[in-house]
Amino acid sequence: MSIAPAPESRSYQTDAATNAVATALASTAGTPTPAGEADPEETLSREQLDQLQLTRLQATVRHAYDNIAAYRKLYDAHGVKPSDLQTLEDLANFPFTDKEFLRAAYPFKSFAVPMDRIRRIHASSGTTGRPTVVGYTEGDIDRWATLLARCLRFSGVRPGDIVHNAYGYGLFTGGLGAHYGIEKVGGTVIPMSGGQTEKQIQLIQDFRPRVILCTPTYLLTLADAFRSAGLDPRESSLEIGVLGAEPWTEEMRQEIEKAFDITACDIYGLSEVMGPGVAGESAQRQDGSTIWEDHFRPEIIDPITEEVLPLGHHGELVFTTLTKEALPIIRYRTHDLTRLLPGTDRPGHRRMGRITGRSDDMIILRGVNLFPTQIEEIALGIEGLSPHFQLELVRPDHMDQMTVHIERRPETPRQEAEAAGAELARQIKVKVGCSTRVAVAEPETLARSSGKLRRIYDKRPR
Ligand code: DLL
């Protein structure tokens with residue numbers, strides 16, 4: 001592994017304008033909130049949020065332009081400047097950014113503050129090439145913990161709760177991001193991290209946490225491990241799961257809730273924008289994650305034409321951060337496909353629908369577009385099939401073929417499971433529009449993951 005060169009020495013703006021930005025951002029550091037109550041900014045009306053967003057957006061764009069060479073270059077090339085941002089709608093005139101934009105600034109050139117103000121680094125692995133590096137100031141870390149605490153509270157977590165944190169610790173934002181939020185909400189954190197499944201079971205039995213944080217697929221792995229140990233997961237102390245980091249369906253929520261007899265809520269986020277806690281779900285409503293719009297401005301765009309789409313339309317989620325000091329990110333293309341919905345429990349803040357997939361996870365099979373969540377949804381509606389499946393793609397004789405490898409449920413006899421597999425193939429053909437093979441596998445034979453699960457094994461020649 002190569003050692004990154006020291007960042008070039010750069011000068012950072014310290015004029016009155018930037019000081020004003022710092023003051024505007026600093027004023028957002030977390031205000032302690034009594035148990036169960038909303039932060040004052042959580043209850044702002046849409047009009048108040050629009051006003052707040054505009055002020056923070058103007059400060060963020062100015063901050064990025066003044067302190068990050070890549071933004072200055074991008075905006076100069078596009079002929080836009082911070083002062084062009086007079087209304088929220090003006091944001092649409094600014095160019096998008098993406099993973100490549102951040103990678104080109106590897107490792108630290110995307111930071112808008114001097115290195116001595118960076119308190120923490122995380123990185124998202126990516127499957128190839130350089131990781132995407134993200135950095136946080138002390139204020140960023142504090143705001144992150146506040147938002148995470150907000151999500152946890154929204155999902156029913158209370159001060160005094162013991163919280164088993166099985167998101168991976170390390171460069172991944174899940175573990176540490178959740179950790180500080182649990183402390184901030186007044187909970188007791190068990191910093192378990194991912195993996196060591198048997199140990200997880202032992203600690204859940206002994207420490208009796210009320211809440212668990214992990215990916216939805218890992219919670220299913222834990223359910224199986226409980227049963228293998230002769231224990232009933234429904235008898236565990238767990239009452240709430242705050243689950244995210246990978247796409248999951250309503251059918252999966254029901255599967256998990258039934259397995260553990262818990263309330264399962266969604267939590268969404270991505271490293272480039274902050275980490276977990278960009279949006280969280282109300283335990284009362286379970287109607288999709290509410291985006292914390294005092295800190296993030298979401299947009300939905302058509303991924304092909306890049307046109308901004310109205311509320312309710314399905315497309316690619318784009319985020320602009322409003323209070324980030326170290327790594328302001330403007331119009332960042334997440335590749336996550338979903339739609340924006342009006343606010344409910346927090347009426348001013350919009351919600352997001354479930355992520356149906358990532359545009360880079362879309363399988364194109366003989367011209368038909370397909371996402372693993374579609375298979376999950378169909379499979380979980382068929383008795384005898386488990387939620388453990390993988391999609392294998394091959395191309396013999398220049399013809400794409402997909403096989404769904406799916407485990408039967410342990411209590412379902414082989415013959416019945418085969419019939420269920422044939423039913424799965426039939427329903428995929430009817431609902432998705434493509435022919436697939438289904439291979440029914442024995443229980444606990446397909447790969448499990450302690451974090452984000454890989455569903456797609458694409459073996460087609462590039
Ligand atoms: O996965 C942050 C996170 C950690 C979120 C723990 C929730 C819980 P990244 O590794 O950068 O960050 O991956 C971000 O994961 O763009 C989505 O594709 C996916 N993702 C995250 N949360 C959800 C969710 C973390 N609730 C990428 N539903 C995102 C669906 C999700 N997909």
Side-chain angles (χ1 to χ4, degrees), residues 98-99 102-103 121-127 131-136 144-145 147-148 150-152 154-155 163-182 192-194 211-219 241-250 252-253 256 264-282 286-292 296 298 303 316-319 321 327 329 332-339 351-362 371-373 376-377 449-456:
D98 57 14
K99 226 179 187 38
L102 287 180
R103 284 212 179 115
I121 301 284
H122 281 285
S124 80
S125 49
T127 38
T132 312
V133 180
V134 296
Y136 305 79
W144 187 10
L147 288 180
L148 212 305
R150 196 190 273 187
C151 291
L152 294 177
F154 205 38
S155 298
V163 183
H164 184 96
N165 185 14
Y167 285 122
Y169 279 67
L171 287 174
F172 176 52
T173 53
L176 281 170
H179 183 103
Y180 287 94
I182 299 164
M192 180 60 214
S193 195
V211 184
I212 186 160
L213 271 50
C214 60
T215 57
T217 53
Y218 191 54
L219 195 48
V242 184
L243 315 175
E246 64 186 7
W248 57 309
T249 58
E250 275 309 308
M252 183 71 119
R253 190 206 304 266
I256 288 169
C265 289
D266 185 49
I267 184 163
Y268 170 86
L270 63 163
S271 327
E272 297 85 345
V273 171
M274 181 177 77
V278 172
E281 192 172 39
S282 152
Q286 293 187 299
D287 60 353
S289 281
T290 294
I291 299 169
W292 304 122
F296 311 101
E316 180 181 339
L317 189 54
V318 168
F319 273 112
T321 63
L327 193 112
I329 190 122
Y332 184 75
R333 292 189 61 163
T334 64
H335 291 292
D336 289 330
L337 301 172
T338 183
R339 59 203 175 116
R351 289 167 301 139
M352 51 195 269
R354 280 207 178 269
I355 306 280
T356 51
R358 292 180 52 80
S359 51
D360 38 15
D361 255 7
M362 186 175 77
F371 291 101
T373 49
E376 182 176 297
E377 202 174 301
S449 156
S450 60
K452 294 174 193 278
L453 181 70
R454 179 173 166 205
R455 293 270 195 214
I456 303 172

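Every number for a ligand or one of its atoms is a count from 1 in the order of the listing.
- Within ligand 1, counting atoms from 1 as listed, the ones closer than 4.0 Å to a heavy atom of I355 are 28 (N), 30 (C), 32 (N).
- In the vicinity of L270, heavy-atom distances shorter than 4.0 Å reach the ligand 1 atoms 11 (O), 12 (O), 14 (C), 16 (O).
- Under the side chain to side chain donor-acceptor pair (under 3.5 Å) criterion, H179 pairs with Y169, E183, sequence neighbours left out.
- Of the listed residues (E272, E246, K452, H122), the one carrying the non-hydrogen atom nearest atom 15 (O) of ligand 1 is K452.
- Within the listing of ligand 1, atoms 2 (C), 3 (C), 4 (C), 5 (C), 6 (C), 7 (C), 8 (C) sit less than 4.0 angstrom from a heavy atom of P276.
- Using a cut-off of 4.0 Å between Lys/Arg side-chain N and Asp/Glu carboxylate O, E377 and R354 are scored as not salt-bridged.
- Of all protein heavy atoms, the one lying nearest to atom 20 (N) of ligand 1 is A245 C, 3.5 Å.
- P276 and L148 get closest at one heavy-atom pair: O-CD2, 3.2 Å.
- Y268 pairs with exactly one of T338, D336, V273, I291 by the side chain to side chain contact (heavy atoms under 4.5 Å, CB included) rule, that one being D336.
- Atom 29 (C) of ligand 1 has as its closest protein heavy atom D336 OD2, 3.2 Å.
- Where the criterion is an N or O separation shorter than 3.5 Å, residue side chain and backbone included, F172 fails it with respect to ligand 1.
- Counting only heavy atoms of the protein, atom 2 (C) of ligand 1 lies nearest to G269 O, 3.5 Å.
- E376 is linked by a side chain to side chain donor-acceptor pair (under 3.5 Å) to T249, R455, counting only residues two or more places apart in sequence or in another chain.
- Counting heavy atoms under 4.0 Å from ligand 1, residue T173 touches it through the side chain alone.
- When all heavy atoms are compared, the tightest approach of V242 to S155 is CG2-CB, 4.1 Å.
- Near G244, meaning under 4.0 Å from any of its heavy atoms, are these atoms of ligand 1: 7 (C), 8 (C), 26 (N).
- Nearest protein heavy-atom neighbour of atom 9 (P) of ligand 1: S271 OG, 3.5 Å.
- Using a 4.0 Å cut-off between heavy atoms, H335 makes no contact with ligand 1 at all.
- Distances below 4.0 Å separate heavy atoms of P247 from the following atoms of ligand 1: 30 (C), 32 (N).
- Rounded to the nearest 0.5 Å, atoms CG (D266) and CG (L243) are 8.0 Å apart.
- A heavy-atom distance below 4.5 Å is not found between the side chains of R358 and F371.
- In terms of heavy-atom proximity, R103 sits nearest to T132 at NE-OG1, 3.9 Å.
- Looking at ligand 1, you'll find an N or O of D266 within less than 3.5 Å of one of its N or O atoms.
- Checking S359 against E316 by side-chain atom types alone, no donor-acceptor pair falls below 3.5 Å.
- Residue-to-ligand polar distances keep Y167 apart from ligand 1: every N/O pair is separated by 3.5 Å or more.
- Between S124 and ligand 1, no pair of N/O atoms sits closer than 3.5 Å.
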